[in-house]
Amino acid sequence: MSIVQEPPRFGLIDGNTFYVSCERMFDPRLHGKPTVVLGNGDGCCIALSPEAKALGLKIGTPIFQVPDAIRKQVQVRSANFALYGDLSARIVSILRDLFPRVEVYSIDENFVDVEGMKDPVAICLEARERILQWVGIPCCVGLGATRTLAKAGNKLAKTQSKRAAKAGRLAVFHATPENIHQLPVEDVWGVGRRYTERLAQEGVQTAADLASLPTDSVRARYGVVLARTQQELRGIPCGDLELEEPDRKQIVVSRMFGRDVADPLDALVTFATVACEKMRGRDLAAGALWVWLDGNPHKGDGFHVSRAVPLPFPTRDTGEVLQAVRFLAKSMMRPDQRFKRGGIGLTDLVRSEQRHADMFFAPDSRRERGMDVMDKINAKYGRGTVGVGTTGWRVGGARPGEPRRGGKDAQWRPRLKALSPAYTTRWSELLRVQ
DNA sequence: TCTGGGGTCCTAGGACCC
DNA sequence: TCTGGGGTCCTAGGACCC
């Protein structure tokens, strides 16, 4: 086995239980208390504080399945992605000041370039300190010669930081091919539940076990993706930082409905409107779209229907998309059926300016300018201020005290009972200091 | 009562062409 | 009549990520 020993080239800095930390940032009463953030419609737990984990709660558990005795001990919040996204952007700007290159990997994780730095650990600790002081989010740092090792280091920093906090040590870990025997293989980036099961049958338990398998057999049995992961565990880089976010290939908006509905048209139209806004925000146009609807498997009705349609010319016009969505949805609905979930996808996305008009098809420039005006108004006064002949708007559901627009057609809307205010993104909800 | 949402990449197999 | 290799494109399904 070839092992390459290198100084760290990459760092991975991520926020500890990020959504919970964001909620705590604005509501210090939550500190030290078991805290849970719930996903859409207050359904499943999507983030847990360590205290909540200690009570036995798991990511993905529906909150209603949690026994009352435990639920009473837990502070519950509805996910507030506007708030989390805003704090995330502040963290990124701190990192850009300290590192020559930053890859925004997810809302709570950033890779940084530490190649050639004299003391990468010190710089990473400085970053951690600034983020804690200026944004209020605690972070852990992993270092490694490859991105996979940096991820591994981050995991190990997390598991060690509990003990380290007591011992006064700090939440940084430099992972090398020699010290990753401490990391269970399921915690390796790129190894999910399926691979973990199959690897266990081969006696592979740790990251080091995976690294020591013959590469050819990993390649043959698991494919190129895991073979690359294995190379990276040995310190051989298979990828660099991605500094530019690549253009999306598709944009999907889907939701579980608040209850089973017979007529999901209003929901699908709303999803499509949101998808179009997102698409225009990225200067893209859709060459095709699809729509799907699911029954309720928990009621023994687990069907799935979907239909797709290409568009004659890539469009960024909400009206045109809605027309297609209505047509497809109506062709899929049956009088006796109830739907639990639905979604729409805009696909075959191209950059708006790369569309080429031909003799028969060209964008309607007047309508397209109208779309841009609409987006500007909605950005300024809130989503749904103006729209293309539809009803209710906030996809996540009404905030407490806010009227539920859309009337009886809006039964699909999930309710949010415990949404924290949009402290940083709405003037009316700014935190007040007495 | 109530069960997350949004992405990417790879592979295998079928259809089709030369 | 019988039988070929190689290329492309598309789709569905499987695996992963946060």
Side-chain angles (χ1 to χ4, degrees), chain A residues 12 14-15 17-19 36-48 58-66 68 71 76 78-79 81 84-85 88 103-111 147-148 151 154-155 185-199 219-229 238-239 242 245-260 267 271 274-275 278-279 282 288 290 292 294-302 304 306 308 310 340-349 395-397 411-418:
Chain A
L12 178 68
D14 87 327
T17 59
F18 185 67
Y19 298 165
V36 169
V37 175
L38 299 180
N40 173 52
D42 290 348
C44 295
C45 304
I46 59 171
L48 302 169
K58 297 262 186 297
I59 300 271
T61 308
I63 190 70
F64 80 89
Q65 281 182 359
V66 176
D68 271 353
R71 215 191 318 180
V76 174
S78 306
F81 291 104
Y84 312 151
S88 176
E103 173 183 342
V104 178
Y105 177 69
S106 75
I107 194 164
D108 68 332
E109 291 173 282
N110 294 285
F111 283 106
R147 295 196 307 158
T148 304
K151 281 280 267 185
N154 186 273
K155 274 277 180 200
V185 75
E186 66 260 35
D187 288 342
V188 172
W189 189 32
V191 178
R193 196 165 44 87
R194 300 286 174 158
Y195 287 170
T196 300
E197 283 169 19
R198 283 171 60 191
L199 288 164
R219 166 77 187 80
R221 273 187 270 185
Y222 298 90
V224 291
V225 179
L226 195 65
R228 280 201 282 262
T229 294
C238 300
E242 289 182 17
E245 191 188 354
D247 276 336
R248 288 283 173 79
K249 295 178 174 175
Q250 57 175 19
I251 289 171
V252 174
V253 176
S254 77
R255 288 289 184 285
M256 199 82 88
F257 301 146
R259 68 190 70 172
D260 296 2
F271 299 164
V274 173
K278 289 185 178 178
M279 174 178 74
R282 293 171 177 270
W290 43 280
W292 81 95
D294 289 346
N296 189 344
H298 302 288
K299 293 182 181 166
D301 199 14
H304 171 90
S306 87
K340 180 59 191 167
R341 180 197 190 89
I344 88 114
L346 301 174
T347 57
D348 295 13
L349 297 176
V395 179
Q411 292 193 335
W412 57 273
R413 264 158 222 287
R415 248 182 218 284
L416 298 182
K417 290 182 190 142

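Values in this document were obtained by computation on a predicted structure and should not be read as measured data.
- Residue A/K249 places none of its side-chain N or O atoms closer than 4.0 Å to OP1 or OP2 of B/dG7.
- Under the Watson-Crick or G-U wobble criterion, with both distances below 3.5 Å, B/dC18 is paired with C/dG5.
- Among residues two or more places apart in sequence or in another chain, the ring-ring contact (aromatic ring centres under 6.0 Å, His included) test is passed with A/Y105 by A/F111, A/W189.
- Using a 30° and 60° split on the angle between ring planes, A/F81 and A/Y19 fall in the perpendicular class, above 60°.
- In this structure, CG of A/L38 is placed 18 Å from P of B/dT1, rounded to the nearest angstrom.
- As rounded to whole Å, 18 Å separates atom P of B/dC9 from atom CG of A/L226.
- Rounded to an integer number of Å, the gap from CZ of A/R248 to C1' of B/dG5 is 12 Å.
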Contact letters for nucleotides 11-18 of chain C, in which S counts primed atoms plus P, OP1 and OP2 and B counts the base, heavy atoms under 4.0 Å: ----SSSS
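- A sub-4.0 Å separation between OP1 or OP2 of B/dG5 and a side-chain N or O of A/R341 is present.
- Closest heavy-atom contact between A/V36 and A/C45: CG1-SG, 3.7 Å.
- B/dC16 and C/dG4: their C1' atoms are spaced 15 Å apart (whole Å).
- Residues A/G60 and A/V252 each lie close to DNA chain B; by heavy-atom proximity, the contact nearer the 5' end of the strand is made by A/G60.
- Atom CD1 in A/I46 sits roughly 15 Å away from atom P in B/dG7 (whole-Å rounding).
- In this structure, the CH2 atom of A/W290 is 18 Å from the P atom of C/dC10, given to the nearest Å.
- The shortest distance between the side-chain N/O atoms of A/R228 and the OP1/OP2 oxygens of B/dC10 is below 4.0 Å.
- A close approach under 4.0 Å does occur between a side-chain nitrogen or oxygen of A/R255 and OP1 or OP2 of B/dG6.
- A residue-by-residue look at A/R71 and A/S254 shows that A/R71 has its nearest nucleotide of DNA chain B further toward the 5' end.
- In this structure, CZ of A/F257 is placed 15 Å from C1' of B/dT3, rounded to the nearest angstrom.
- Rounded to an integer number of Å, the gap from CD1 of A/I63 to C1' of B/dT3 is 12 Å.
- Computed from coordinates, the A/Q250 CD to B/dG6 P distance equals 11 Å when rounded to whole Å.
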